[in-house]
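This report concerns only the one structure given below.
Protein chains get the first letters and strands the later ones, always in sequence-line order, with residue 1 at the start of each.
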Protein chains: 2
Amino acid sequence: MPPNGSNASQCTPMDPMHPNAPQCAAAKRSRESAVPLPEETPVREVAPSGKRVGMRLVSWNVAGLRAWLRKGGLKWVQDAAPDVLCLQETKCGAESVPPEVRDLQALPHQYWASPEGKPGYSGVGLLCRCEPLRVTYGIDDPEHDPSARVLTAEFPSFFVVCAYVPNAGRGLTRLQPRLRFDAAFLSYLSRLDAIKPVALGGDLNVAHTELDLRHPSANRRSPGFTDEERRGMDAILAAGFLDAFRVMYPALPHAYTFWTYLGGARERNVGWRLDYFLISERLRPALCDCKIRPRVMGSDHCPVELYLAL
Amino acid sequence: MPPNGSNASQCTPMDPMHPNAPQCAAAKRSRESAVPLPEETPVREVAPSGKRVGMRLVSWNVAGLRAWLRKGGLKWVQDAAPDVLCLQETKCGAESVPPEVRDLQALPHQYWASPEGKPGYSGVGLLCRCEPLRVTYGIDDPEHDPSARVLTAEFPSFFVVCAYVPNAGRGLTRLQPRLRFDAAFLSYLSRLDAIKPVALGGDLNVAHTELDLRHPSANRRSPGFTDEERRGMDAILAAGFLDAFRVMYPALPHAYTFWTYLGGARERNVGWRLDYFLISERLRPALCDCKIRPRVMGSDHCPVELYLAL
DNA sequence: CTTTGCAAG
DNA sequence: CTTGTAAAG
């Protein structure tokens with residue numbers, strides 16, 4: 001998720017750390033026209049193939065699994081009852097997963113990753129109703145695998161990848177390693193895709209187009225909306241993956257999955273679409289729907305759902 | 001204040017860090033007979049000298065001035081309306097004192113001390129209705145003065161000293177520096193007392209006698225109740241100071257000023273008397289009363305009041 | 001603004 | 001258990 005000033009910076013695009021930023025944000029807040037959430041529509045139950053939804057996946061950046069649990073995030077998951085749950089920013093290793101999550105009857109096959117020696121930072125989880133054929137950690141890259149940001153579950157007919165793409169950092173201090181991750185990650189996805197179709201759920205830490213964040217022009221050089229990061233997303237799509245949400249809703253505005261905690265951004269829907277399901281093109285016939293659930297609380301991100309006829 | 005296990009250790013006196021400590025504490029909790037707070041009695045308004053209360057002092061370890069303010073601690077102070085307020089563990093330097101405190105009309109002369117380069121740690125404050133003749137920082141000792149634990153205000157007829165005596169640390173890891181502080185501090189008090197009478201208010205981080213904590217036998221080697229620390233208190237009294245509360249209430253049990261936040265100690269009055277007013281013996285004729293206010297919330301310590309006919 | 005871990009009590 | 005802190009988002 002973008003840093004401190006990324007949503008407040010709308011007023012002073014050249015300097016998100018400007019001393020007047022809060023004042024400016026407050027002024028902006030009062031002037032800003034209310035932006036509604038997209039209308040809620042029913043899930044399309046039938047895929048282009050004619051088959052009906054057979055598998056549901058949820059991806060959610062929980063911004064701290066334990067706080068998310070306290071805030072009731074798990075209750076929504078239990079109602080949604082996905083077959084696969086991809087969690088990002090768990091901020092806890094397997095040993096610290098609370099029992100309420102660890103002992104979930106509906107999702108008994110659980111895989112957790114967390115960077116060595118950085119407790120409370122980053123971390124991903126992949127929870128499955130059915131046991132995968134196999135689960136792998138990382139993207140087979142020595143630079144990036146210690147950061148423990150990717151989990152892959154192999155099922156008979158497809159891979160599920162859970163990913164938490166690194167943030168470029170305040171002041172873009174970590175843009176270069178981020179871009180190297182993007183390249184290595186795309187290479188990994190392509191290798192998987194050569195074997196079986198892929199469904200990727202995760203926080204990709206990029207708003208792809210101007211439609212994908214509330215204030216594009218103010219965030220031209222903000223982490224999560226640099227040209228370089230956006231081109232990384234272009235590259236994934238060019239390599240044969242689909243942005244499932246945009247396939248379903250090609251021009252829907254104000255559909256965001258992240259709102260900074262600063263300055264009451266969420267209540268005004270000043271957000272970013274950073275969380276995605278990407279699917280191999282040959283899964284298009286199986287794509288029933290992809291839903292963003294912006295009203296679901298528990299984190300500064302909301303969950304995203306993917307419905308597949310598989 | 002005593003460390004983590006100091007109140008829970010009653011069950012396993014030899015090992016406060018025993019893995020079963022929480023379980024033990026829970027068991028103890030259910031068995032433990034309820035211990036009432038001492039009965040509230042009216043303030044004695046007339047001193048042995050026959051004169052009436054003319055000056056009120058309050059000492060309070062606030063365990064974080066900003067949190068204490070949020071919890072409404074200042075409201076009680078405003079009602080109590082002391083002439084001098086001694087605060088310990090402010091955990092903030094002068095520059096971080098919230099405006100609500102900084103701009104107090106009733107206590108406009110304020111002096112704050114905080115250790116260099118340790119923000120959020122320790123810290124004391126001395127707030128006065130009338131401007132002191134002079135205020136000094138520390139105890140004129142190069143080992144201890146950087147820790148910024150003592151403030152002294154000189155008034156025409158007496159000194160007021162605000163002190164936060166260092167904790168001996170978990171496992172008594174800092175007992176030796178603590179004992180050196182005790183010696184240097186007593187030397188300092190004696191030098192003051194040779195000039196004018198002294199009224200010292202503060203967290204002395206010691207329960208003097210078995211009457212001064214709920215579980216003396218379990219805490220024989222706990223910080224705040226070692227023989228060495230208790231002898232330090234003996235030494236102050238032997239040097240010509242009075243424990244104002246004990247002068248007034250020589251045998252009153254269960255009169256505590258601190259309760260660990262752990263395990264619900266306060267609701268069961270499992271506490272320690274660590275906060276004192278000590279006065280020069282020649283102030284005895286001026287001693288009207290000294291009150292512990294155990295129902296006043298805002299910190300893990302409660303305030304103590306000293307009433308003098310001055 | 002919020003989370004985490006940390007040191008300290 | 002609670003404080004304040006830092007790093008991170």
Side-chain angles (χ1 to χ4, degrees), chain A residues 1-8 16 22 25 61-71 88-93 96 114-115 117-123 164-171 173-174 203 205 222-224 258-267 272 274 297-301, chain B residues 1-8 16 22 25 61-71 88-93 96 114-115 117-123 164-171 173-174 203 205 222-224 258-267 272 274 297-301:
Chain A
M1 38 316 305
N4 206 330
S6 57
N7 274 359
N61 178 319
V62 293
L65 185 69
R66 286 163 288 191
W68 168 85
L69 180 66
R70 279 198 304 273
K71 291 184 277 194
Q88 301 87 34
E89 274 205 277
T90 51
K91 297 187 179 183
C92 78
S96 312
S114 173
K118 291 205 160 192
Y121 174 74
S122 190
Y164 174 42
V165 171
N167 192 296
R170 292 186 184 172
T173 49
R174 296 164 50 73
D203 175 358
N205 249 320
S222 295
F258 163 80
W259 307 262
T260 177
Y261 279 128
L262 287 77
R266 191 163 185 171
E267 62 205 23
W272 301 54
L274 302 180
M297 307 303 286
S299 163
D300 50 359
H301 295 244
Chain B
M1 40 311 304
N4 205 330
S6 58
N7 274 0
N61 177 319
V62 294
L65 185 70
R66 287 164 287 192
W68 169 85
L69 180 66
R70 279 198 303 274
K71 291 184 280 194
Q88 302 87 35
E89 273 203 280
T90 51
K91 297 187 177 182
C92 78
S96 311
S114 171
K118 291 204 159 193
Y121 176 74
S122 190
Y164 174 43
V165 170
N167 192 294
R170 292 186 182 170
T173 48
R174 298 169 47 74
D203 175 358
N205 248 321
S222 296
F258 162 81
W259 307 262
T260 176
Y261 279 128
L262 286 76
R266 191 163 185 171
E267 61 206 24
W272 302 55
L274 301 179
M297 306 304 285
S299 163
D300 51 357
H301 293 243

Please report the distance, rounded to the nearest Å, between [atom1] in [X] and [atom2] in [N].
{"X": "A:E89", "N": "C:dT4", "atom1": "CD", "atom2": "P", "answer": "10 Å"}
{"X": "B:N205", "N": "C:dA8", "atom1": "CG", "atom2": "C1'", "answer": "12 Å"}
{"X": "B:D300", "N": "C:dA8", "atom1": "CG", "atom2": "C1'", "answer": "12 Å"}
{"X": "A:N61", "N": "C:dT3", "atom1": "CG", "atom2": "P", "answer": "13 Å"}
{"X": "A:Q88", "N": "C:dT4", "atom1": "CD", "atom2": "P", "answer": "16 Å"}
{"X": "A:L69", "N": "C:dT2", "atom1": "CG", "atom2": "P", "answer": "18 Å"}
{"X": "A:M297", "N": "C:dT2", "atom1": "CE", "atom2": "P", "answer": "10 Å"}
{"X": "A:W259", "N": "C:dT2", "atom1": "CH2", "atom2": "C1'", "answer": "16 Å"}

OP1, OP2 of [N] versus side-chain N and O of [X]: anything below 4.0 Å?
{"X": "A:K118", "N": "C:dT4", "value": "no"}
{"X": "B:R70", "N": "D:dG4", "value": "yes"}
{"X": "A:R66", "N": "C:dG5", "value": "yes"}
{"X": "B:K71", "N": "D:dT3", "value": "yes"}

Exercise. Could you walk me through whether A:M297 and A:R266 pass the side chain to side chain contact (heavy atoms under 4.5 Å, CB included) test, one step at a time?
Key: CA-CA 10 Å; A:M297 307 303 286; A:R266 191 163 185 171; 3.4 Å; yes
Quiz item: Of A:Y261 and B:Y261, whose nearest nucleotide on DNA chain C comes first from the 5' end?
Solution: A:Y261
Self-check item: Where A:D203 and A:H301 come nearest, the two heavy atoms and their spacing
Solution: OD2-CE1, 3.3 Å
Exercise. For residues B:C92 and B:R66, report the shortest heavy-atom separation together with the two atoms involved.
Key: CB-NH2, 3.5 Å
Practice problem: Please work out whether the ring planes of A:F258 and A:W272 are parallel, tilted or perpendicular, with thresholds of 30° and 60°. | Solution: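 The rings of A:F258 and A:W272 stand perpendicular, inter-plane angle above 60°.
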From [options], nucleotide with atom closest to [X] side chain:
{"X": "B:K91", "options": "D:dT3, C:dT4, C:dC6", "value": "D:dT3"}
{"X": "B:Y121", "options": "D:dG4, C:dT4, C:dA8", "value": "C:dA8"}
{"X": "B:R170", "options": "C:dA8, D:dG4, C:dT4", "value": "C:dA8"}

Quiz item: Just by modelled atom types, is the A:Y261 backbone N or O under 3.5 Å from a matching donor or acceptor in the A:D300 side chain?
Solution: no
